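Reminder, nothing fancy here: chain letters follow the sequence lines and each chain counts from 1. From a predicted model like this one, the values you see are computed outputs, not experimental measurements.
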There are 2 protein chains.
Amino acid sequence: MAKSRPSIRDVARESGVSPTTVSLIINQVDERISSATRSRVLKTIDRLQYKPSRLAQGLPSKSSKTLAIILPDLHMAFADAYFGEIISGIYDHAAEQDYRITLEVARRSFVRSKRYLNILDDCSVDGLLFLGATEEHRWLEDCSGSDRPLIIVNNRFPQWDLDSILCDYPMAGRLAADHLFAQGHRHIGMVCGPSAKVYTADELTNAFIDRLAEHGVAIRDRLVVDGEFNVGPGQRAAAQLLATEPNLTAIFCGNDKMALGAYQAARAMGRHVGTDLSIVGCDDLPAAATADPPMTTVRLNYYDLGVAACARMLRRLGLARSNGNAQKTADAAKAAGPSNTDAKAPGAAVPAKTHRHVLPPAGRIPVRLVERQSVVSLNV
Amino acid sequence: MAKSRPSIRDVARESGVSPTTVSLIINQVDERISSATRSRVLKTIDRLQYKPSRLAQGLPSKSSKTLAIILPDLHMAFADAYFGEIISGIYDHAAEQDYRITLEVARRSFVRSKRYLNILDDCSVDGLLFLGATEEHRWLEDCSGSDRPLIIVNNRFPQWDLDSILCDYPMAGRLAADHLFAQGHRHIGMVCGPSAKVYTADELTNAFIDRLAEHGVAIRDRLVVDGEFNVGPGQRAAAQLLATEPNLTAIFCGNDKMALGAYQAARAMGRHVGTDLSIVGCDDLPAAATADPPMTTVRLNYYDLGVAACARMLRRLGLARSNGNAQKTADAAKAAGPSNTDAKAPGAAVPAKTHRHVLPPAGRIPVRLVERQSVVSLNV
DNA sequence: GGCCTTTAGTAAAACAGTTTACCCGATTTC
DNA sequence: GAAATCGGGTAAACTGTTTTACTAAAGGCC
């Protein structure tokens, strides 16, 4: 009869030591174990193909070494390049630290059953990373001010006390403004993201407008139209812009999808992107490079955003673990707070490549302009 | 001092019963519990906000109620609509049965460390669903003939004994052939998937060719060109086709991405899709509908594929659980085999909406033709 | 040689459930 | 009226780790 999984006791027996010893060796707390014993045990582990049970390991520490990524309930959310890049970043960093990732979709049932709290309570998951959160996700309020490890990725809710991590949207807006101005554009419109619904969309819009103002270029309200972050609405917004102000030479779009919509609008109205109309996007999704003409856009490094979000999560978990269980944890987490300052954290918990040193102030993920061929230079 | 998570013992004490009773109630094995006791306990559970620990629950049964989805190491695999739809299907079905999903990417490190075996061995995961597997994934051989719950989604490896679940590619090929023939096309080319690397790609190609032959339309070898399932190569393949055989009236592409490439090739050569060249795709990804002109394509229902794959996985796990542990399991799994017949399985384990009754023989996921505007009728 | 440190290791108690075998009193059966 | 059955429940063992507190032996010191 085939033996089932070997347990730590099997290893201990076969090596002539106690389970404690094996455990100490596995967890590298082997200060106290002679190297002779250690190598003997390691050999047994190898021979028996012993793998410690995650379930059993997690039981005492109440940790499953698993992080949940929550996506909004959009049709085919998984199939979106924006989420895809962030998830890749999170996954890679988590895997490096031997954490696993689980996926959740914030459907009505998910929210109704408070699954976002339950998966934490039942130890399924150590922390939550929420992608694509908007003001519609009222239930986030439940998590407000809590020491629960929740991180909002790429949005912020000033009204609730939640930890978030963001790309440097103000800088993105400035880069776009500077570039268009430098190329000689003075009549500029903008297709913005859903304003008052997504904090970062407003950050971008305001930074863009303010920077143009600094250059002495005013941009009237009706030249900023909401494109809802999507292709169709983006197209309509751009069409409206071009209709009301035919002498516009450039349009800045709050994301690449809307910029693609603007391409379509331009074509439909007989304008040629890259020759008699300039368009700047924001995201640098793969589609931007393959667009016709290839799109000049502000690259937001979503992969790095994912890595940074995961790093922050792991750091918070490390903190929580390091100062005892239960009681004191709450205060400690409170003190560490929504740690936007990314202060120096205790060594052990900090993973190798946190990118911390390259983060701009306030922990923003850096951005840069990618020049391709959708912007005309109006200079002599 | 705040109490930490309540345990089953807390619930038991507060309700004046034993932990056993609480456990029986939670697990609905409450045949033996009076409804008075049950409601009393349920009330306590509610009051204490008690959630059984997944870790502790899994320990005796060695099950984490978690399934792993493995994706190939393509750049930004998460950002692919094909995978996205399948994952959505798997996720939805799993969530319904209270299973969680974890994500893995089959990178070199993943394979080198045999993580695909380890996550099973260490009880992180109860089963593996592999998406996008190709002949390159030699390590799959490791899993051959094993009773480990591994399911290959949408590919098959005749040389290894692995459980797989597939869309009805032969039917897809026939639908495309019938449609083009019915519209009067007689000079037809094909951009196929990577032949000899992906079993299902060959199924599709062969079915298409054979069906045309049945209609009396022969299709010469050089009119079938490999497009590697991707836009760029698909474009080149189509261009080659149109160059060598200018009087071609129609091209069938093995997936939508290649069809989109074919659109580009046609445009570049001055041909107009939907008027003087007909193109049929295969997949029906969102991009097919928004293409210009909207693409006629064979719809492979990837969401349903995901649901079916997950259902099969859960059924296998149900079987494994139901007949004791360890020893007998292997035989049982063997008997159930690569269960393409989808025979009637023991009741309890079978989830509500398996779609089983609508599956064609051999458990293929059904397909259908979606007529849009990329095919011209040559009939009077 | 006795006392104090180390060193290397261990026993046993958590952790939080499930499961098996059993118990006790009230009916039913014969 | 005694034995068997049944309803309703429980005690205790078990799952596989980690962790705390302890110990036995060896080494250093005077």
Side-chain angles (χ1 to χ4, degrees), chain A residues 3-41 44-45 48-65 98 118 121-124 126 321-322 324-326, chain B residues 3-41 45 48-65 98 121-124 126 321-322 324-326:
Chain A
K3 279 199 66 71
S4 62
R5 300 182 64 252
S7 83
I8 199 170
R9 274 173 248 273
D10 297 321
V11 175
R13 185 167 14 75
E14 300 263 319
S15 321
V17 296
S18 75
T20 309
T21 306
V22 179
S23 171
L24 291 176
I25 291 171
I26 290 171
N27 296 300
Q28 326 240 23
V29 199
D30 42 4
E31 314 288 350
R32 299 192 321 234
I33 308 296
S34 72
S35 66
T37 307
R38 176 164 9 128
S39 71
R40 189 155 35 93
V41 170
T44 312
I45 287 178
L48 262 43
Q49 296 258 48
Y50 166 70
K51 306 272 178 290
S53 155
R54 290 294 180 162
L55 294 163
Q57 285 188 308
L59 191 46
S61 58
K62 299 184 201 312
S63 145
S64 55
K65 287 247 201 182
D98 201 23
N118 290 344
D121 287 338
D122 71 10
C123 299
S124 290
D126 297 347
R321 187 105 6 107
S322 61
N325 297 327
Chain B
K3 279 202 66 72
S4 62
R5 302 182 62 251
S7 82
I8 198 172
R9 277 171 246 273
D10 296 321
V11 175
R13 185 165 17 76
E14 301 262 320
S15 321
V17 297
S18 76
T20 308
T21 305
V22 179
S23 173
L24 291 176
I25 291 171
I26 290 170
N27 296 301
Q28 327 238 23
V29 199
D30 43 3
E31 315 288 350
R32 300 195 317 239
I33 307 297
S34 72
S35 66
T37 306
R38 173 157 16 118
S39 72
R40 189 155 35 94
V41 169
I45 287 179
L48 261 42
Q49 296 258 47
Y50 167 69
K51 307 269 179 293
S53 155
R54 290 294 178 159
L55 294 163
Q57 283 187 309
L59 191 45
S61 57
K62 298 182 203 314
S63 145
S64 56
K65 287 250 203 177
D98 202 22
D121 286 338
D122 72 9
C123 301
S124 291
D126 297 347
R321 187 99 13 103
S322 63
N325 297 327

**OP:** Tell me which of A:Pro19 and B:Val17 sits closer to the 5' end of DNA chain D, going by the nucleotide each one is nearest to.
**Re:** B:Val17
Original post:
How long is the line joining CG of A:Leu59 and P of C:dG17, in whole Å?
Top reply: 9 Å
Original post:
Roughly, in whole Å, what's the span from CD1 in B:Ile26 to C1' in C:dA16?
Top reply: 11 Å
**OP:** Please report, rounded to the nearest Å, how far the C1' atom of C:dG17 is from the NZ atom of A:Lys62.
**Re:** 12 Å
**OP:** Could you tell me which residues satisfy side chain to side chain donor-acceptor pair (under 3.5 Å) with A:Glu14, sequence neighbours excluded, listed by chain and number?
**Re:** A:Arg47
Original post:
Does any non-hydrogen side-chain atom of A:Ile8 lie less than 4.5 Å from one of A:Pro52?
Top reply: no
Original post:
Taking atom C1' of C:dA16 as reference, at what distance in whole Å does atom CZ of A:Arg54 sit?
Top reply: 19 Å
Subject >> With sequence neighbours excluded, residues passing side chain to side chain donor-acceptor pair (under 3.5 Å) with A:Ser7 >> reply: none
**OP:** Report yes if at least one side-chain N or O of B:Ser7 is closer than 4.0 Å to OP1 or OP2 of C:dA16; otherwise report no.
**Re:** no
Original post:
Can you list every pair that meets salt bridge (Lys or Arg N to Asp or Glu O under 4.0 Å) and has a residue in residues 50-59 of chain A, with sequence neighbours left out?
Top reply: A:Arg54-A:Asp98, A:Arg54-B:Asp122
Original post:
To the nearest 10 degrees, what angle separates the axes at the start and end of the helix from C:dG1-D:dC30 to C:dC30-D:dG1, five pairs each?
Top reply: 50°
Original post:
Rounded to whole angstrom units, what separation is found between the CD1 atom of A:Ile8 and the P atom of C:dT10?
Top reply: 12 Å
**OP:** Can you tell me the distance, in whole Å, between the CG atom of A:Asp122 and the C1' atom of C:dC15?
**Re:** 16 Å
Original post:
Does A:Ser39 have any side chain to side chain contact (heavy atoms under 4.5 Å, CB included) partners at least two apart in sequence or in another chain, and if so, which?
Top reply: none
Original post:
What does B:Ser23 touch in the nucleic acid at a heavy-atom separation under 4.0 angstrom: a base, only the sugar-phosphate, or nothing?
Top reply: base
Subject >> Rounded distance [0.5 Å steps], CG in B:Asp121 versus CD in A:Gln49 >> reply: 7.5 Å
**OP:** To the nearest 0.5 Å, tell me how far A:Ser61 OG sits from B:Leu55 CG.
**Re:** 8.0 Å
Subject >> Among C:dG17, C:dG9, C:dC15, the nucleotide that comes nearest once only the side chain of A:Thr21 is considered >> reply: C:dG9
Original post:
For A:Pro19 and A:Ala12, which heavy atoms make the closest approach, and how far apart are they?
Top reply: N-CB, 3.5 Å
Original post:
CZ of B:Arg9 versus P of C:dA14: gap in Å, rounded?
Top reply: 11 Å
Subject >> Contacts of B:Ser15 that satisfy side chain to side chain contact (heavy atoms under 4.5 Å, CB included) - sequence neighbours left out >> reply: B:Val11, B:Val17, B:Val41, B:Thr44
Original post:
Hey, what do you get for CG (A:Leu59) to OG (A:Ser64), rounding to the nearest 0.5 Å?
Top reply: 12.0 Å
Subject >> Along DNA chain D, first and last positions that approach a heavy atom of chain B under 4.0 Å >> reply: D:dG8 to D:dG16
**OP:** Grab the NZ-P distance between B:Lys65 and C:dG17 for me, whole Å please.
**Re:** 15 Å
Subject >> Under 4.0 angstrom between B:Gln57 side-chain N/O and C:dA16 OP1 or OP2 >> reply: no
Original post:
Residues in side chain to side chain donor-acceptor pair (under 3.5 Å) with B:Thr20, at least two apart?
Top reply: none
Original post:
Can you give one letter per nucleotide of nucleotides 20-25 of chain C, going 5' to 3': B for a protein heavy atom under 4.0 Å from the base, S for sugar-phosphate only, - for none?
Top reply: BB----
Original post:
With sequence neighbours left out, what residues match B:Ser53 under side chain to side chain donor-acceptor pair (under 3.5 Å)?
Top reply: none
